[in-house]
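First comes the structure, then the notes that go with it.
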Number of protein chains: 2
Amino acid sequence: MRKENSTNALNAQELYETCGMAIALRILGGRWKPGIIWNLAQGRIRYGQLKALIPNISERMLIQQLKELEKYGFVERFVFPEVPPRVEYALTEEGKTLIPIVQALAAWGDSQRDKIKLPV
Amino acid sequence: MRKENSTNALNAQELYETCGMAIALRILGGRWKPGIIWNLAQGRIRYGQLKALIPNISERMLIQQLKELEKYGFVERFVFPEVPPRVEYALTEEGKTLIPIVQALAAWGDSQRDKIKLPV
DNA sequence: TTAATTACTAACAAACAAGTAAGAAATGAG
DNA sequence: CTCATTTCTTACTTGTTTGTTAGTAATTAA
């Protein structure tokens with residue numbers, strides 16, 4: 001749960017208002033969103049497949065991040081009234097504008113892999 | 001202090017190995033690094049000025065993030081043997097490769113500002 | 001009737017990131 | 001002698017993110 005008036009939250013809020021990069025990192029950041037967006041960039045996909053494509057992600061995290069991306073309109077959810085349930089996810093048009101960003105970040109990161117060693 | 005064997009840390013580690021974007025976000029992510037890099041992109045600058053340019057940042061956070069960027073070779077530190085001390089910071093050549101990324105992220109984020117409303 | 005399937009939820013705990021506050025060091029100015 | 005200056009450091013607290021476990025629904029197949 002987020003505390004609306006913590007210094008922490010206020011600092012975050014102010015950054016969103018003045019800094020586009022803070023907004024971008026809010027959408028793109030976190031441990032799992034990159035992988036989610038990357039895989040959705042390949043096309044519409046079922047929840048279970050997405051989970052299989054992202055090693056180690058827990059259902060809680062996957063759902064949570066998908067919901068957040070959906071809430072902001074970057075991801076669309078398609079539900080089929082079947083049993084067992086079938087739900088597919090896809091990037092919206094707006095979500096697809098993320099793809100070049102994600103590619104640029106990934107390329108830069110890959111170029112750094114051999115130069116730096118991240119801590120354990 | 002980071003626990004080397006927490007699932008959390010292991011997940012992070014695995015991502016670094018397989019996903020360039022995770023590396024990039026490790027360098028670029030967090031609340032303050034964007035602003036630090038953005039300001040350093042304008043040129044060499046003193047610690048105190050940098051602090052003044054980044055509203056609300058605490059000394060602890062500024063130092064901590066600068067040290068991390070320095071450790072990975074994206075930022076250089078120039079110390080003048082004076083009293084009171086004078087220390088200047090600048091992006092290294094490697095650090096300058098971040099500039100286009102940072103600009104792309106900022107531009108995308110700015111383009112989203114009116115479309116989405118981030119939570120408090 | 002019992003188990004298997006699939007997408008999801010809720011309660012809780014561990015790990016991590018960020019914020020607060022106090023102070024150190026070395027010198028020059030008063 | 002005391003104070004201001006500037007760049008940091010340390011110990012501590014609060015807040016946020018991530019992980020774990022158990023469980024739901026509604027049908028079909030055995």
Side-chain angles (χ1 to χ4, degrees), chain A residues 1-15 22 25-36 45-52 54-68 70 75 77-89 118-120, chain B residues 1-15 22 25-36 45-52 54-71 75 77-89 118-120:
Chain A
M1 200 53 100
R2 187 162 279 157
K3 290 208 174 176
E4 297 200 3
N5 292 320
S6 64
T7 307
N8 201 327
L10 291 175
N11 278 348
Q13 186 63 30
E14 275 197 54
L15 277 179
L25 288 175
R26 173 64 209 275
I27 302 301
L28 234 42
R31 178 164 303 157
W32 303 110
K33 292 220 203 72
I36 292 172
I45 188 180
R46 282 186 75 165
Y47 168 84
Q49 294 178 287
L50 192 51
K51 178 159 150 45
I54 305 177
N56 299 325
I57 195 169
S58 68
E59 304 199 328
R60 180 189 194 280
M61 280 295 120
L62 181 51
I63 289 286
Q64 184 179 299
Q65 307 297 299
L66 282 171
K67 293 272 178 247
E68 190 179 329
E70 190 192 356
V75 158
R77 188 167 170 270
F78 302 93
V79 187
F80 297 79
E82 304 174 359
V83 168
R86 180 153 72 102
V87 179
E88 293 180 356
Y89 287 91
L118 271 346
V120 181
Chain B
M1 198 58 97
R2 185 164 280 159
K3 288 210 174 176
E4 297 199 2
N5 294 319
S6 65
T7 306
N8 202 326
L10 291 176
N11 279 347
Q13 187 63 29
E14 276 197 52
L15 278 179
L25 289 174
R26 174 64 210 275
I27 302 301
L28 234 43
R31 179 164 302 158
W32 302 109
K33 291 222 203 69
I36 291 172
I45 188 179
R46 283 187 73 167
Y47 168 85
Q49 293 177 288
L50 191 51
K51 178 160 151 47
I54 305 177
N56 298 325
I57 196 170
S58 68
E59 303 198 327
R60 179 191 195 279
M61 281 296 122
L62 181 50
I63 289 286
Q64 183 178 298
Q65 307 297 300
L66 282 170
K67 292 274 178 243
E68 191 179 330
L69 290 168
E70 190 192 357
K71 177 175 166 191
V75 158
R77 189 166 167 270
F78 302 92
V79 187
F80 297 79
E82 305 174 359
V83 170
R86 180 153 72 104
V87 180
E88 294 180 356
Y89 287 90
L118 271 345
V120 183

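Order of the sequence lines sets the chain letters (A, B, ...), proteins ahead of strands, with each chain counted from 1. In this text the structure is predicted, and so the values were computed from the model without any measurement.
For the pair B/R60 and B/Q49, both in contact range of DNA chain D, the more 5′-proximal nearest nucleotide belongs to B/Q49. Where B/S58 and A/R77 each meet DNA chain C at their nearest nucleotide, the meeting point lying more 5' is that of A/R77.
The two residues B/K51 and B/I57 have their closest heavy-atom pair at NZ-O, 3.7 Å. The minimum heavy-atom distance linking B/G30 with A/L25 is given by the pair O-CD1, 4.5 Å. Nearest heavy-atom pair across B/K33 and B/L28 is CB-O, 3.7 Å.
Note on B/R31: only backbone sugar-phosphate atoms sit closer than 4.0 angstrom, heavy atoms only; bases stay farther off. Within the 4.0 angstrom heavy-atom criterion, only backbone atoms of the sugar-phosphate kind lie near B/T7; the bases stay farther away. Counting non-hydrogen atoms under 4.0 angstrom, B/K51 reaches nothing in the nucleic acid. Among the heavy atoms of the strands lying under 4.0 Å from B/S6 are primed sugar atoms or P, OP1, OP2 only; no base atom is included. The residue A/F80 sits apart from the nucleic acid: no heavy atom pair falls under 4.0 Å.
What separates CG of B/N11 from C1' of C/dC16 is a distance of 14 Å, to the nearest Å. Rounding to whole angstrom units, CD of residue A/E82 and C1' of C/dT6 are separated by 11 Å. Atom CG in B/L15 sits roughly 14 Å away from atom P in C/dC16 (whole-Å rounding). In this entry the distance linking CD1 of B/I63 with P of D/dT10 reads 12 Å, nearest Å. Atom CG in B/N56 sits roughly 11 Å away from atom C1' in C/dG19 (whole-Å rounding). Atom pair B/E68:CD and C/dA17:P shows a separation of 9 Å (rounding to whole Å applied). The CZ-P distance, from A/R26 to C/dA18, rounds to 13 Å in whole Å. Here C/dT6 presents its P atom at 15 Å from OH of A/Y89, a figure rounded to the nearest Å.
Without hydrogens or angle criteria, A/R26 side chain to A/A12 main chain gives no donor-acceptor distance under 3.5 Å.
Listed nucleotides: C/dC8, C/dT20, D/dG19. Nearest to the side chain of A/M61: D/dG19. Each of C/dA7, D/dG19, C/dA18 was ranked by its minimum atom distance to the side chain of B/N8; first place goes to D/dG19.
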Filtered N/O pairs between nucleotides 1-6 of chain D and protein, under 3.5 Å:
{"from": "D/dT6", "atom 1": "O3'", "to": "B/R46", "atom 2": "NH2", "distance (Å)": "3.2"}
{"from": "D/dT6", "atom 1": "O3'", "to": "B/P85", "atom 2": "O", "distance (Å)": "3.2"}

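The shortest distance between side-chain heavy atoms of A/Y47 and A/E59 falls below 4.5 Å. Inter-residue side-chain proximity for B/L50 and B/L66 is flagged as met; some heavy-atom pair is nearer than 4.5 Å. Contact check for B/E14 versus B/L10: no side-chain heavy atoms found under the 4.5 Å cut-off.
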